[in-house]
Amino acid sequence: MRALLHRLTATWTRRDYVEIGVLLGVIALMHAVGFAVLVFAIAPHHYRAGTQIFGVGLGITAYLFGLRHAFDADHIAAIDNTTRKL
């Protein structure tokens with residue numbers, strides 16, 4: 001596994017590492033902002049619809065279902081088909 005990773009990254013330049021670092025940093029920042037909005041802006045208001053409570057638990061559940069959807073076969077196939085057409 002280590003040899004494979006070394007072979008894949010052997011041709012990367014400093015710019016490649018910086019671009020990947022920035023990309024991962026932006027993704028981490030978006031997650032942090034999303035959870036901060038959930039915890040500090042949405043959850044304290046105790047929104048209710050009927051008998052259901054909209055709070056942190058529901059937000060985390062929605063996030064996890066979103067992650068599951070991102071790796072569904074149909075979603076991956078749609079991305080692959082779009083990429084091939086472009």
Side-chain angles (χ1 to χ4, degrees):
M1 181 68 171
R2 188 173 183 175
L4 176 64
L5 184 61
H6 178 67
R7 196 173 71 220
L8 290 173
T9 61
T11 59
W12 289 7
T13 63
R14 178 175 170 80
R15 180 178 179 183
D16 294 329
Y17 283 106
V18 169
E19 287 179 356
I20 290 171
V22 168
L23 176 68
L24 293 176
V26 168
I27 292 170
L29 178 66
M30 288 190 303
H31 281 80
V33 168
F35 278 110
V37 167
L38 172 65
V39 171
F40 297 115
I42 296 174
H45 291 286
H46 303 290
Y47 293 116
R48 292 179 183 270
T51 60
Q52 303 296 322
I53 299 173
F54 296 99
V56 176
L58 183 63
I60 291 173
T61 302
Y63 174 78
L64 292 175
F65 277 130
L67 282 179
R68 188 182 76 176
H69 170 70
F71 294 101
D72 281 345
D74 61 338
H75 195 232
I76 300 298
I79 293 170
D80 184 49
N81 288 339
T82 303
T83 303
R84 290 175 193 266
K85 288 181 182 179
L86 293 177

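All values below were derived from every heavy atom in this structure, side-chain atoms included, with hydrogens, water molecules and symmetry-related copies excluded.
- The other residues sharing a hydrophobic cluster with I20 are W12, Y17, L24, where clustering joins ILVMFWY side chains under 4.5 Å apart.
- Every pair passing salt bridge (Lys or Arg N to Asp or Glu O under 4.0 Å) that includes a residue from residues 19-46 is listed here, sequence neighbours excluded: R15-E19.
- Residues passing the side-chain contact (heavy atoms from CB on, under 4.5 Å) test with R84 are D80, sequence neighbours excluded.
- In this view, L4 and R7, L8 satisfy the side-chain contact (heavy atoms from CB on, under 4.5 Å) rule, not counting sequence neighbours.
- For the ring-ring contact (aromatic ring centres under 6.0 Å, His included) test, no residue two or more places apart in sequence or in another chain qualifies with H6.
- Evaluation of the side-chain contact (heavy atoms from CB on, under 4.5 Å) rule for V37 yields V33, A41, I42 as partners, not counting sequence neighbours.
- With sequence neighbours excluded, no residue satisfies side-chain hydrogen bond (donor to acceptor under 3.5 Å, both in side chains) with R14.
- Hydrophobic cluster membership differs between F35 and I27, with clusters built from Ile, Leu, Val, Met, Phe, Trp and Tyr side chains linked at under 4.5 angstrom.
- Side-chain atoms of D16 come within 3.5 Å of backbone atoms of T13 as a donor-acceptor pair (strictly under, hydrogens ignored).
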Mind listing the side-chain donor-acceptor pairs of residues 63-77 below 3.5 Å, one per line with the distance, residues two or more places apart or on another chain?
unit_1, atom_1, unit_2, atom_2, d
Y63, OH, H31, NE2, 3.1
H75, ND1, A70, O, 3.2

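- What you find for L38 and I60 is that their closest heavy atoms are CD2-N, 4.3 Å.
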